[in-house]
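Take a look at the structure below.
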Amino acid sequence: MSGLDLLPAVDVAGGEAVRLVQGAAGSETSYGDPLVAALAWQSAGASWIHLVDLDAAFGRGSNHELLAHVVGRLDVAVELSGGIRDDETLAAALATGCRRVNLGTAALEDPQWCARVIGEHGEKVAVGLDVRGTTLAARGWTEEGGDLWATLERLERDGCRRYVVTDVTKDGTLQGPNVELLREVCRRTDRPVVASGGIASLADIAALAALVPEGVEGAIVGKALYSGALTLEAALAVATAA
C-alpha cells in the first residue's frame, strides 16, 4: 500500500474501548469491547491498529492480558502503547506479537533506558512525542516532560527509528491536525513520522497524505471513526490516493 498509512485507535480503559477528550482522565466515552472494535477496523480494510492501554498510561492498572488477547486475534500489524516504562513492561508488550511498541513517558524520564531499548530493538520501537505548543506532556499527559526540540535532538542522536507526534490540545476534539507542527518535526528528522490528534474529516486525511513526501508516514484516527464523522473505507481511499 502506498500513500498514507491509517492506524485506527483502540484505546482501552477498564476493559472497554474508550475515547478521551484532550487525553483527560474522566473524559471517557465508551465504545464497548476492544476486540470487537479492532476486528471491525480490520474487516474495514485497516492494515494497522493503534492499541493503547490507558490505565497503564495513567498508572492506575493494566489491561495487558486483554490487549495480548486482542493482538493474538488480529491478522494486521499492531502498534502497542501505554505504560511501557521498564524492561518488564517492554518484554510483556513485545511478547504479545505486536509489530512495534510506542514509548512515551519513559522516553522523557529515562533517556538512558530509552537509548538502550532503541539500540536493542530498532524498528520495533517508536517514540511518542505528545506536545502542547512545544512542551512535551508525560504521565498520561498530566505532567510536563521538557522541550520538544531538545528531546527530538537527543532521540535523533540515539537512533530513534520513528516518531508518533500528537498535539494534545487537538486530540479527541475533531478540530483538525496540527499540520505546521508535523512539518516542523519532519524538517528536523529523516525518520518517519506518524501523526495523531484532531483528525475530523476526509480533508484532514488528504492534508496529511500531502505531507507523505515530507516524511509523514501514517496517521492515527480515533474519535472521527467512532463518532461516525468519517468511515474507514472512505478515509483509506483518500489516504492511498496520495
*Could you go through the side-chain hydrogen bond (donor to acceptor under 3.5 Å, both in side chains) check for Tyr163 and Glu156 one step at a time?*
CA-CA 10 Å; Tyr163 301 100; Glu156 285 286 285; 2.7 Å; yes
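- When side chains are defined from C-beta on, Glu184 does not count as touching Glu180, because their heavy atoms never get closer than 4.5 Å.
- You'll find the side chain of Leu208 reaches within 4.5 Å of the side chain of Ile199, heavy atoms only.
- Atom CD1 in Ile84 sits 7.5 Å away from atom CG in Leu94 (nearest 0.5 Å).
- Pairing each heavy atom of Ser81 with each of His50, the nearest pair is CB-CE1, 4.1 Å.
- Looking only at side-chain heavy atoms (C-beta outward), Val78 and Leu67 stay at 4.5 Å or farther from each other.
- When hydrophobic clusters are built by joining Ile, Leu, Val, Met, Phe, Trp and Tyr residues whose side-chain heavy atoms come closer than 4.5 Å, directly or via intermediates, Val36 is not grouped with Leu74.
- Across all their heavy atoms, Ser30 and Glu16 have their closest contact at OG-OE1, 2.5 Å.
- Taking 4.5 Å as the limit, every side-chain heavy atom of Cys160 sits out of range of all side-chain heavy atoms of Val125.
- Within the 4.5 Å cutoff, no side-chain heavy atoms of Cys186 are placed close to those of Leu211.
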*Evaluation steps, side-chain contact (heavy atoms from CB on, under 4.5 Å), between Val12 and Leu66*: CA-CA 9 Å; Val12 182; Leu66 173 58; 3.9 Å; yes
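- Nearest heavy atom pair, residue Gly159 against residue Arg191, reads O-NH2, 4.4 Å.
- The environment of CD in Gln112 is sparse: at most 12 heavy-atom neighbours from other residues, nucleotides or ligands sit within 6.0 Å.
- Counting only heavy atoms from C-beta outward, the side chains of Val101 and Lys124 never approach each other to under 4.5 Å.
- Here the CG-OG distance, from Asn102 to Ser196, works out to 9.0 Å after rounding to the nearest 0.5 Å.
- For the pair Val164 and Glu79, the minimum side-chain heavy-atom distance is below 4.5 Å.
- No donor-acceptor pair closer than 3.5 Å links the side chain of Asp55 to the backbone N or O of Ser62.
- Note on Val193 and Leu155: same hydrophobic cluster, where clusters join Ile, Leu, Val, Met, Phe, Trp and Tyr whose side-chain heavy atoms are under 4.5 Å apart, directly or indirectly.
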*Do Glu123 and Arg162 pass the salt bridge (Lys or Arg N to Asp or Glu O under 4.0 Å) test, and can you show the C-alpha distance, the side-chain angles, and the key distance before you say yes or no?*
CA-CA 8 Å; Glu123 280 287 336; Arg162 181 173 279 98; 2.9 Å; yes
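- At most 12 heavy atoms of other shown residues, nucleotides or ligands fall within 6.0 angstrom of atom CD in Glu88.
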*Test Tyr31 against Leu225 for side-chain contact (heavy atoms from CB on, under 4.5 Å), laying out the working first.*
CA-CA 11 Å; Tyr31 292 96; Leu225 294 175; over 6 Å; no
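- In this structure, the side chain of Ser43 engages the main chain of Ala40 through a donor-acceptor pair within 3.5 Å.
- Rounding to the nearest 0.5 angstrom, the gap separating the CD atom in Gln42 from the CG atom in Leu35 is 9.5 Å.
- You'll find the side chain of Val221 stays beyond 4.5 Å of the side chain of Tyr226, heavy atoms only.
- Looking at every heavy atom in both residues, Ala44 comes nearest to Leu232 through CB-CD2, 3.8 Å.
- Side-chain heavy atoms closer than 4.5 Å link hydrophobic residues (I, L, V, M, F, W, Y) into clusters, and following such links, even through other members, never connects Trp48 to Leu230.
- Tested against Leu148, the residues Val165, Leu136, Asp130 include a single side-chain contact (heavy atoms from CB on, under 4.5 Å) partner, Leu136.
- Heavy-atom minimum distance, Ala56 versus Gly82: CB-O, 3.5 Å.
- No path of Ile, Leu, Val, Met, Phe, Trp and Tyr side chains, each step under 4.5 Å between heavy atoms, connects Ile220 with Leu4, placing them in separate hydrophobic clusters.
- Environment of CG in Asp190: sparse, with no more than 12 heavy atoms of neighbouring residues, nucleotides or ligands closer than 6.0 Å.
- The distance from atom SG of Cys114 to atom CG of Leu90, rounded to the nearest 0.5 Å, is 10.5 Å.
- Between Arg116 and Asp110 there is no salt bridge, since no side-chain N of the basic residue sits under 4.0 Å from a carboxylate O of the acidic one.
- What you find for Ala137 and Leu108 is that their closest heavy atoms are O-CD1, 3.9 Å.
- In this structure, Asp53 CG and Phe58 CZ are separated by 11.0 Å, a value rounded to the nearest 0.5 Å.
- Atom CG of Asp147 sits about 7.0 Å away from atom OG1 of Thr135, to the nearest 0.5 Å.
- Residues Val18 and Leu7 do not share a hydrophobic cluster, defined by chaining ILVMFWY side chains whose heavy atoms lie under 4.5 Å apart.
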